[in-house]
Chemist: 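Handing you this structure, nothing more for now.
Counting starts at 1 for both ligands and their atoms, in listed order. Below, each value reflects all heavy atoms present in this structure, side chains not excepted, and no hydrogens, waters or symmetry copies.
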Amino acid sequence: MTTHSRTLPTRQLLWISDIHLDQAQDEEKRRFFDKLETSRCDALLITGDITTAINLARDLGKISRAAGSTPVMFVLGNHDYFGSSFEMVDREVAELCGRHQNLIPLGYGEIIQLSPQTALIGHRGWFDGQAGAGARTRVGSADRYHIDDFKNLNKAQYFQKLRDLGVQSADYFRRVLPAALQQFETVLLATHVPPCTQALRHQGSYCQWERQPFFSNRAAGNAIIGISRTRSFASRQVIVYSGHSHCYSRFQSDNVEIRVAGAQPGFPALNGLQTIH
Ligand SMILES: [Fe+2]
Ligand SMILES: [Fe+2]
């Protein structure tokens, strides 16, 4: 995959994550869309878990319309595939983005220049099953029963698939992140699953060893931190925007900062404006 650049001048970036619209009552959804319509921002960034597959085209379409002419850059989360497969959802979203000019899916080689100093890249990522107890965990994952690609896999095959998904995202960041860091002082990186366990919290406390395989993308974390620490990029800054754990967290490792959005399913919210320099 080759990288390609585009420019979307952005001073105020509105970050949204894990809104899980399928779990919200009509009143909460109305409140969310009212806030979205009246928010003053130059672009939106969504880091996944918008809804479930059957509702995705409708809900993303509603977000697109509420945003008006404001660009909506997004990655999907694991819940967005619930009830379908990777291929079906990705195809449906590609068709939708063809009809809604302000919808910009991340993960196709794009480096989006937000200011002369700052660019945005992104890839959905996935939890890669490698952190904490790994494949020996006794905790299960709902994804295995809700996403077609996982349904007929035994536990060993499922964890191999998770590992492959993590490696895919790591390979993507190995191609795109250095190209972005060569050109920009700050690179914002959007991905659904937090890329390291240090940024993980669960229900207000630490994330248990047994749960960590399903809440962190270690392969992507190794790639992101490894690239950012190389001497040629030591003066650059990478800010990761992620979600999935629903528990707010910030973690800094040298020139990489990892931000994890808090979220309360049933109560979709805007995570706040980020000022781009
Ligand atoms: Fe979520
Ligand atoms: Fe998630």
Chemist: Within H246, is some N, O or S atom less than 2.8 Å away from the Fe ion (ligand 1)?
Modeler: yes
Chemist: Is it the case that the ring center of Y158 lies less than 6.0 angstrom away from the ring center of F150?
Modeler: yes
Chemist: Between K29 and E27, does any side-chain N to carboxylate O distance fall below 4.0 Å?
Modeler: no
Chemist: At less than 2.8 Å, would any N/O/S atom of H79, backbone or side chain, sit next to the Fe ion (ligand 2)?
Modeler: no
Chemist: Can you tell me if, anywhere in D18, an N/O/S atom lies at a distance from the Fe ion (ligand 2) that is smaller than 2.8 Å?
Modeler: no
Chemist: Quick one: are the ring centres of F214 and W126 less than 6.0 Å apart?
Modeler: no
Chemist: Can you give the angle H244 ND1 - the Fe ion (ligand 2) - H192 NE2, rounded to 10°?
Modeler: 90°
Chemist: State whether H20 contributes an N/O/S atom found under 2.8 Å from the Fe ion (ligand 1).
Modeler: yes
Chemist: If you check every N/O/S atom of D49, which is the one nearest the Fe ion (ligand 1)?
Modeler: OD2
Chemist: So, do H192 and H79 have ring centers that fall under 6.0 Å from each other?
Modeler: no
Chemist: If only atom types and distance count, is the side chain of R11 paired as donor or acceptor with the main-chain N or O of C41 below 3.5 Å?
Modeler: no
